[in-house]
J.: 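First the structure, then my questions, so here it is.
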Amino acid sequence: MSEHQSILSPETEHPLSTYYKFQSRIYDLTRWSFLFGRRYAIRQIPFAATDNLRILEVGCGTGHNLVSLAERFPAAEITGIDLSQDMLSIARKKLRRFGGRVSIVHGAFGSDSFREQFDVVLFSYCLTMVNPGWDTLIEVATASLRDNGVLVAVDFHDSAVPAFKKHMAGHHVRMDGHVLAKLRSHLQEDKAEEHRAYQGVWRWFSFVGRRRS
């Protein structure tokens, strides 16, 4: 699939695409302060740097993780997919130095026109924002794994502060512990961790798992 091929029809506008028309302008300036564990999750990928891997990031946004993946796995073929053209326009600029080894796709993961197989599928602060449909993304990603492939996720987990949960819901984020529970029940768990943020205002998680045999 070419870098500029879309798997959304031109007239389709997902609510998250609308949300990121503005957020794309401030994303890289602000997200470092609360999207914790992104580099940590990439370090948990259980392959050697020299392996010839096929890696997919779902919800790749401005390409922050794609750059880290390309630097850590110089022999890998890497694809990022996202609903927001505004976010991807920023990602394209960051990824030029990697040439054709890193490609990006505008569209919705799970489309019938996107049925490739990967050694790694990465979700980074994506699944808690897809409501409804987050569980389907996990199922499609699992089916997209090659033998011995891994699904890696890092995301918000939960919060005991109702006002904070309400605030995050206003930014399309659901924080009910639902994503990690699904990952643990659906995949064979290699490693899962929960971490506190800002003295427990919320928790985030990291997860590595494989398709059940």
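The structure presented is a predicted model; accordingly, all values stated were derived computationally and were not measured. The residues of the chain are indexed from 1 along the displayed sequence.
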J.: Show, in sequence, the C-alpha distance, side-chain angles and deciding distance for Cys60 and Leu122, and conclude whether the side chain to side chain contact (heavy atoms under 4.5 Å, CB included) test is met.
T.: CA-CA 9 Å; Cys60 65; Leu122 171 66; over 6 Å; no
J.: Identify the heavy atoms of Leu69 and Ile78 that sit nearest to each other, and give their distance.
T.: C-CD1, 3.7 Å
J.: Quick one: do Phe156 and Tyr40 end up in the same hydrophobic cluster if we chain Ile, Leu, Val, Met, Phe, Trp and Tyr together by side-chain heavy atoms under 4.5 Å apart?
T.: no
J.: Are any side-chain N or O atoms of Arg38 and backbone N or O atoms of Asn65, one a donor and one an acceptor, separated by less than 3.5 Å?
T.: no
J.: Side chain to side chain contact (heavy atoms under 4.5 Å, CB included) between Val179 and Leu183: does it pass, once the steps are laid out?
T.: CA-CA 6 Å; Val179 172; Leu183 291 169; 4.0 Å; yes
J.: Under a 4.0 Å N-O cut-off, is there an ion pair linking Glu194 with Arg184?
T.: yes
J.: Rounded to the nearest 0.5 Å, how far apart are CZ of Phe207 and CG of Leu127?
T.: 11.0 Å
J.: For the OG atom of Ser206 and the CD1 atom of Ile42, what is their distance to the nearest 0.5 Å?
T.: 12.5 Å
J.: If you define the side chain from C-beta out and look only at heavy atoms, does anything of Ile55 sit under 4.5 Å from Phe118?
T.: no
J.: What orientation do His178 and Trp134 show, parallel under 30°, tilted 30 to 60°, or perpendicular over 60°?
T.: perpendicular
J.: With rounding to the nearest 0.5 Å, note down the distance linking NZ in Lys94 to OG1 in Thr62.
T.: 3.5 Å
J.: Quick one: closest heavy-atom pair of Cys126 and Gly59, and the distance?
T.: SG-CA, 4.3 Å
J.: For the CE atom of Met168 and the CZ atom of Arg174, what is their distance to the nearest 0.5 Å?
T.: 14.0 Å
J.: Anything under 3.5 Å between a donor and an acceptor, one on a side chain of residues 145-153, the other on a protein residue two or more places apart or in another chain? List them.
T.:
from   : atom 1 : to     : atom 2 : distance (Å)
Arg146 : NH1    : Asp119 : OD2    : 3.1
Asn148 : OD1    : Arg210 : NH1    : 3.0

J.: Nearest 0.5 Å, please: how far is CG in Leu95 from CD1 in Ile90?
T.: 11.5 Å
J.: If we ignore hydrogens and angles and just use 3.5 Å, is the side chain of Ser159 paired with the main-chain N or O of Val201 as donor and acceptor?
T.: yes
J.: Work out which heavy atom in Thr50 is nearest to a heavy atom in Ala75; give both atom names and the distance.
T.: O-CB, 3.7 Å
J.: Over all heavy atoms of both residues, which pair between Arg203 and Asp158 is shortest? Give the atoms and the distance, please.
T.: NH2-OD2, 2.6 Å
J.: Is there a donor-acceptor pair closer than 3.5 Å between any side-chain N or O of His157 and the backbone N or O of Met175?
T.: no
J.: Ignoring hydrogens and angles, tell me if any N or O in the side chain of Asp190 forms a donor-acceptor pair with the backbone of Val208 under 3.5 Å.
T.: no
J.: Identify the heavy atoms of Arg92 and Ile104 that sit nearest to each other, and give their distance.
T.: CG-CD1, 3.0 Å
J.: Begin with the C-alpha distance, continue with both residues' side-chain angles, and end with the deciding distance and a verdict on side chain to side chain contact (heavy atoms under 4.5 Å, CB included) for Asp155 and Phe205.
T.: CA-CA 6 Å; Asp155 212 324; Phe205 75 86; 3.5 Å; yes
J.: Is Lys165 salt-bridged to Asp176, cutoff N-O under 4.0 Å?
T.: yes
J.: Test Phe73 against Asp51 for side chain to side chain contact (heavy atoms under 4.5 Å, CB included), laying out the working first.
T.: CA-CA 7 Å; Phe73 298 104; Asp51 287 346; 5.8 Å; no
J.: Would you please classify the geometry between the Phe36 ring and the Tyr198 ring as parallel, tilted or perpendicular, with 30° and 60° separating the classes?
T.: tilted
J.: Let me confirm one number: the CZ-CZ distance from Arg72 to Arg39, rounded to the nearest 0.5 Å.
T.: 12.0 Å
J.: Check whether any side-chain N or O of Arg101 sits under 3.5 Å from a backbone N or O of Glu77 as a donor-acceptor pair, and report yes or no.
T.: no
J.: What are the two closest non-hydrogen atoms of Phe123 and Leu137, and how far apart are they?
T.: CZ-O, 3.8 Å
